Amino acid sequence: MLSRPKPGESEVDLLRFQSQFLEAGAAPAVQLVKGSRRQGDDHLDQLPPQDRRDVVMLDNLPDVPPALVPAPAKRARPSRGHALPHDEDPEERLSRHDQHITAVLSKIIERDTSSVTVTLPVSSGVPFPAVFHRSKERQGKSGASSKRSIFAQEIAARRATENRVSAAGEVVPNLDPPKGAVPSETPSSRDKGSQFPGGSHDFHRSNLVTGKGLKSQSAEQEVQTIHEENVARLQAMAPEEILKEQQQLLAQLDPSLVAFLRSHSHALEQAGTKDPKEQNPGRPTVPVAKEEPIMSASSNEPTEEDKLEPRAPALKLPMTPNKEWLHMDTVELEKLHWTQDLPPLRRQQTQERMQARFSLQGELLAPDVDLPTHLGLHHHGEEAERAGYSLQELFHLTRSQVSQQRALALHVLSQIIGRAQAGEFGDCLVGSILRLLLDAGFLFLLRFSLDDRVDGVIAAAVRALRSLLVAPGDEELLDSTFSWYHGASVFPLMPSQEDKDDEGEDEEPTTKKAKKKTPEEESRPPPDLARHDVIKGLLATNLLPRLRYVLEVTCPGPSVVLDILAVLIRLARHSLESATRVLECPRLIETIVQEFLPTSWSPMGVGPTSSLYKVPCASAMKLLRVLASAGKNIAARLFSSCDFRSRLSRFIAEAPQELALPAEEAEMLSTEAFRLWAVVTSYGQGGHLYRELYPVLMRTLQTLPTELSTHPPKPLSLQRMASLLTLLTQLTLAASSTHPEPSSGSAEACVSAIPPSVTWTQVSGLQPLIEPCLKQTLKFLPRPDVWNALGPVPSACLLFLGAYYQAWSQQSDLCPEDWLQDMERLLDELLLPLLSEPSLGRLWDSLRPCSPHCNPLSCAPAPEALPSLVSLGCAGGCPPLSIAGSTSPFPFLTALLSLLNILVRIHKGLCGQLAAVLTAPGLQNYFLQCVAPVPAPQLTPFSAWALRHEYHLQYLVLSLAQKAATLQPQPATSTALHHTMALALLSRLLPGSEYLAQELLLSCVFRLEFLPENASGGPEAADFSDGLSLRNSGDPQCKRGALLVQACQDLPSIRSCYLAHCSPARASLLTSQALYRGELLRVSGLLLPVPKEPLLPTDWPFQPLIHLYHRASDAPSGLPAADTVGIAMRVLQWVLVLESWRPETLWAVPPGARLARLMCVFLVDSELFRETPVQRLVVALLAWLCRPQVLPNLNLDCPLPGLTSFPDLYASFLDHFEAVSFGDHLFGALVLLPLQRRFSVTLRLALFGEHVGVLRSLGLPLTQLPVPLECFTEPAEDSLPLLRLYFRALVTGTLRPHWCPVLYAVAVAHVNSFIFSQDPKSSDEVKASRRNMLQKTWLLADEGLRQHLLHYKLPNSSLPEGFELYSQLPRLRQQYLQTLPTEVLQNGGLKT
């Protein structure tokens, strides 16, 4: 035996001991076993013996000790049968095994308590529960339990009670046991005594009490003891006692707890039946037949338990659950309801509304549609039998943890939005889907989805955002009309703000308003902003940086890139502010230009591409064009950054077929490049590129006739040709060397000092190339199919010729004879044949069917139009018979009229020949329809866009008619029609057309040539008409004819008055003037103001008078007399002219509003109404307003435009009359006119109640009353307070016939009718008042008043009193007077 090492022995001795041990071959004293600590000790004998021993060898040891480096990380050894998966994500495994409270809370599913029965506790009969006392000894306490604490004993007793409840539930089951119950075990001989007497259940163990919570070694024995005690107690009880205790327990316990106990017991029985050896391996069991359970006396009668708790029908599952299946060891039947067959589809028998459901393609499904389940449309809980998903379920699905479900929900929602905007749902749905989605927070749901980390969800969110913001058809409409007359100028697609704070912003430059943000807007949260403006709400959520990140970092597919570009284009069209934010977003524009507008790229095939990066994209070029259209500064910044000059030259220098791109994409890219250059040139910029690309443009122009000769012409090629012609038009306008002189300010002087970037010599050779193209297109005018397919090309050619002659005529260093002769040549060769072409008449005849004003339904708002999300609503394209349809004559005729106006303005000798277009029958019929008294179309975004182009044509026709009327000695037959059209157009022009309104005021509206009635007996006819219908005045100067003649002579003064009060704001006027005159250096942007309302109100003829009234209200000291009289007289003169010769103009102003405007004349000043000219004009207008044809339409009880409350105005009018009238008869006539019986009683109560002093000076004679007296006396007055005021004024002497004859007659008539009325339906108060008033009348001391009140007969204004009297009272009145008391009759005396 080897000895142990002793102290002092070295390592050499240890090695020697090792060699000796190995040579001896002895067994080691200790055996080392390497195994898992988790395995039990019984597995040690199964380990293999250690064959290899750990032997130390010194041969291979290094001389230098190794460096101290960290040991490699240890890896856990997998236990036997539980190998670690190599491909499993550690993060997912940690999450699966995470037992932290946060992991538990995040997976909580709330329990549905809507159907849970609430049970009240059973009353015990005592106010408080019994108190346990320590001195109380327990019965049947064992020796082991005496050593436990009182708390442990109480817990054990409570568990025993629970075991009794469960045992009772097992002993006495329901009368209707579950179908297919499993048989229990066969009891052994030693357990027979523990069975229930019925012998149907086995109680050898407890199903609920397991003893797992006890840590003592005798846990199983304790559980068995409790179980035996329970069984013994049950055996000692009678079946009736068991049923009674069971019912009491069921009444006290929660029904859900009882159901859980039963299901737990049933599961244990199933497990024991299927695998009895595993449940009790030590005891052999055999299945026995199922015996009858214990029931009550009558087995056919249901127990109270069944009455309280009806059992649900057994589930009919399509498969039988197997415990060997994964996670199916415990079968939870309530969670397998979804595997059942769908319930039958219910057929709706009523008209009740149902929840809308949609397919995965966004289609609205009918409520009774029966679709197969394999389509995936039945995976929802509510209404499981109906196919499709509701909006609420789709919203819920967007918050799923599965990315595919989130993407699918967003895709379906985008499809629904697209179909809703296209109007596919029609009247099938109640309300607006877009409004419902936005109110539910769909906008911010999309914004949150954009922040997702899954590319598929981001793509679906971008597509849904495009479907929401970009209305289908809007961009196609704006692109197709870009080459129209001022087609590049568009209204911003933003909601119109009706805030009062914005009223004074017209004077501010547009760029300042873009940078100016109110503190309220900056502090408002995005949801509040989105409620009024969706785009502003989105921009407030940092949408632009996120889109830039998606484009720059994630590099999505082509569809996502195009969707993002479409969204950015829509944001840029919103407003100048939004376009500026898109431009200033860090690295956004740089990323788009570098990635999607490269100067070099690999050739692309025809098929779809996998990526758009480093490939030119037409949408990117369009985005830059829309940004440049927003403002001049944005265009300058774009043109000077990102090497934009070389990029634009790159796409214009080559023909579309040479760009190594798909044919359609190449055409669109070239078209957008021309449009972008045209927009930049419209600001006077980009002219240096023209010198560089001049050969390219010339070569392209030379190929235009060849391309136009192809049949059928390609739409994209035609759009590219029109864009090229628009570019050349702007370049020609830029070659104009003369600019208007600056009126004020150094900025305008600097602008005028800038030399033009393009000279006339550089564009003078374009006409010979473009004129043949126009002649070739005009050859197709007789062929409507080919002509309609040409699109905007003929219009663009005409617009170029107009700009060419306009620029040519402004060259001061050239001979005027040259351009005059060339105009005559153009007239002979081109225009006269065109004007004589019969097919041109067809275009004039098409104006009326395609007019948006004549067809208001064509401008109806879109089905899903929202105030907070503006769109043109052109889903599905425009119909052919519309202003933007394929057969619309508006673009060509507008361009033709523009050219004719330019030629007539330059060469006045051509006016006679070119004015022949004014006599076209189609144009005459169109104007007659436009001036007809019909309501104007509702102002929507599309109607504003369409009406603006229609008003361009109307203005150009009127401008040409004005030039013809000035140059021709004989007035045309349609001059009056043109004047009426000019008056109507003036009140319809929208913001952005301020220059047109100014020109109409200057040239058409107040021109004597447009009033042919003055020279054709109009004044005499007016006097003759007044002589037939009205009382003739003795003063010849007061006749309407004389007043009309004087008004025609004062037309220049009238025009000056209206120019001073109705002209637009100076800033907006200068901006519009630069745009329409072609002064490119003064154009600040192509984005027009928001069309809130027309420039002038419908009552614009009264506008100076209203301004005068407001100025007088704000200036207590009064206004200058000369200024006041002049303005009032000019307004009244013009209104008289319109009332007499142009009544259609004032059709939109109701007679009540006209009366209120006339009353303002008396409220302006205390002396204005005394002026003789003013009085004559007011008398004429009042007489015209009181004509029998107009008087029935006079309504003062309805809301009047421009007036808050007529009673308030009338109250102030009475105050003014009482203060300054001094009994003026004209003033009194206006006071009496609103007191007619058919108007509101409030006006009469105001005079007789609060302003009774007016009666002293209201002395208008009955003969001067402008309306019949019967209008005041019929029908009888029914207002008791007013009748009392009438009677009081008569009795007290406040109302006398020589002070106020009109109202005296009115009061006598109404009081007489009241006191002698015998209506049996009158109330007691009315009867008492009538009798009281009659008695006081009988006792009056004033014999004259008593005679009038009792003997009144009929109104008659020809008599001095104003009424007729009975010479003797009628018999009925005498009999009625006899009903008075005797003392009353005796005191008054009966006189008849």
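Keep in mind that this is a model prediction, so the values were computed, not measured.
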Hey, does [Y] have a side-chain heavy atom less than 4.5 Å from the side chain of [X]?
X     : Y    : value
V1083 : K632 : no
Q762  : Y694 : no
L568  : L544 : yes
T681  : V758 : no
L661  : P616 : yes
F800  : T726 : no
L469  : I535 : yes
R524  : K536 : no

Between the main-chain N or O of [Y] and the side-chain N or O of [X], is there a donor-acceptor pair closer than 3.5 Å?
X     : Y     : value
Y549  : D451  : no
R1082 : Q1073 : no
S898  : T894  : no
S795  : W484  : no
Q998  : P1064 : no
Y804  : S764  : yes
W945  : L872  : no
S1068 : A1065 : yes
T703  : T700  : yes
Y485  : A796  : no

Taking all non-hydrogen atoms of both residues, which atom of [X] and which atom of [Y] are closest, and how far apart?
X    : Y     : value
A630 : L576  : O-CD1, 3.5 Å
G684 : L1080 : N-CB, 3.9 Å
H949 : G487  : CE1-CA, 4.1 Å
L766 : L701  : CD2-CD1, 3.9 Å
S449 : I458  : O-CG1, 4.2 Å
P495 : H574  : CD-NE2, 4.2 Å

| request: Kindly state each residue pair satisfying side-chain hydrogen bond (donor to acceptor under 3.5 Å, both in side chains) with at least one member in residues 588-600, sequence neighbours excluded. | output: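 Listed once each, the pairs would be none.
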| Pair W601 and F596, ring centroids less than 6.0 Å apart |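 When the ring centroids of W601 and F596 are compared, they turn out to be at least 6.0 Å apart.
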Sequence neighbours excluded, which residues qualify as salt bridge (charged side-chain N to carboxylate O under 4.0 Å, His left out) partners of [X]?
X    : answer
R948 : none
E667 : R720
R570 : none
R691 : none

| request: Count the heavy atoms of every other residue, nucleotide or ligand shown that sit under 6.0 Å from CD of E664, and state whether that count exceeds 12. | output: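 No, the 6.0 Å shell around CD holds no more than 12 heavy atoms from other groups.
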| query | What's the verdict on side-chain hydrogen bond (donor to acceptor under 3.5 Å, both in side chains) for S578 and S575, showing C-alpha distance, side-chain angles and the deciding distance? | reply | CA-CA 5 Å; S578 300; S575 61; 3.2 Å; yes
| request: Evaluate the side chain to side chain contact (heavy atoms under 4.5 Å, CB included) criterion for residues D474 and V470: first the C-alpha distance (whole Å), next the side-chain angles of each, then the deciding distance (0.1 Å), finally the verdict. | output: CA-CA 8 Å; D474 287 6; V470 184; over 6 Å; no
Looking at residues at least two apart in the chain, or sitting in another chain, which of them share a side-chain hydrogen bond (donor to acceptor under 3.5 Å, both in side chains) with [X]?
X     : answer
D528  : R531
Q730  : none
S723  : R675
Y1076 : H952

| Going by the salt bridge (Lys or Arg N to Asp or Glu O under 4.0 Å) test, which pairs reach into residues 618-627, not counting sequence neighbours? |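 Residue pairs with at least one partner in residues 618-627: E475-K622, D479-K622, D479-R625, R625-E672.
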| Pair Y690-V763, side chain to side chain contact (heavy atoms under 4.5 Å, CB included): steps then yes or no | CA-CA 10 Å; Y690 178 68; V763 298; 3.9 Å; yes
With rounding to the nearest 0.5 Å, note down the distance linking [atom1] in [X] to [atom2] in [Y].
X    : Y    : atom1 : atom2 : answer
L638 : N633 : CG    : CG    : 11.0 Å
L799 : T732 : CG    : OG1   : 11.5 Å
L446 : L538 : CG    : CG    : 8.0 Å
F482 : S629 : CZ    : OG    : 6.5 Å
L543 : L547 : CG    : CG    : 4.0 Å
R647 : I652 : CZ    : CD1   : 14.5 Å

| message | Under a 3.5 Å cutoff, is there a donor and acceptor pairing between the side chains of S480 and Q719? | response |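 Side-chain D/A pair, S480 to Q719: absent.
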| Do S943 and T940 get their side chains close enough for a donor-acceptor pair, meaning under 3.5 Å? |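 Checked: S943/T940 side chains pair up, N/O donor to acceptor below 3.5 Å.
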| What pairs with F491 under ring pair (Phe, Tyr, Trp, His ring centres under 6.0 Å), at least two apart in sequence or on another chain? |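 Residues passing ring pair (Phe, Tyr, Trp, His ring centres under 6.0 Å) with F491: none at all.
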| request: Go through the steps for V870 and V534 under the test side chain to side chain contact (heavy atoms under 4.5 Å, CB included), then give the verdict. | output: CA-CA 9 Å; V870 178; V534 171; over 6 Å; no
| field | Verdict with reasoning, L1075 to L1088, per side chain to side chain contact (heavy atoms under 4.5 Å, CB included) | value | CA-CA 10 Å; L1075 191 63; L1088 302 173; 4.2 Å; yes
What side-chain donor-acceptor pairs closer than 3.5 Å can you find for residues 558-567, not counting sequence neighbours?
unit_1	atom_1	unit_2	atom_2	d
D563	OD1	R463	NE	3.4
D563	OD1	R463	NH2	3.3
D563	OD1	R466	NH1	2.7
D563	OD2	R463	NE	2.8
D563	OD2	R463	NH2	3.1

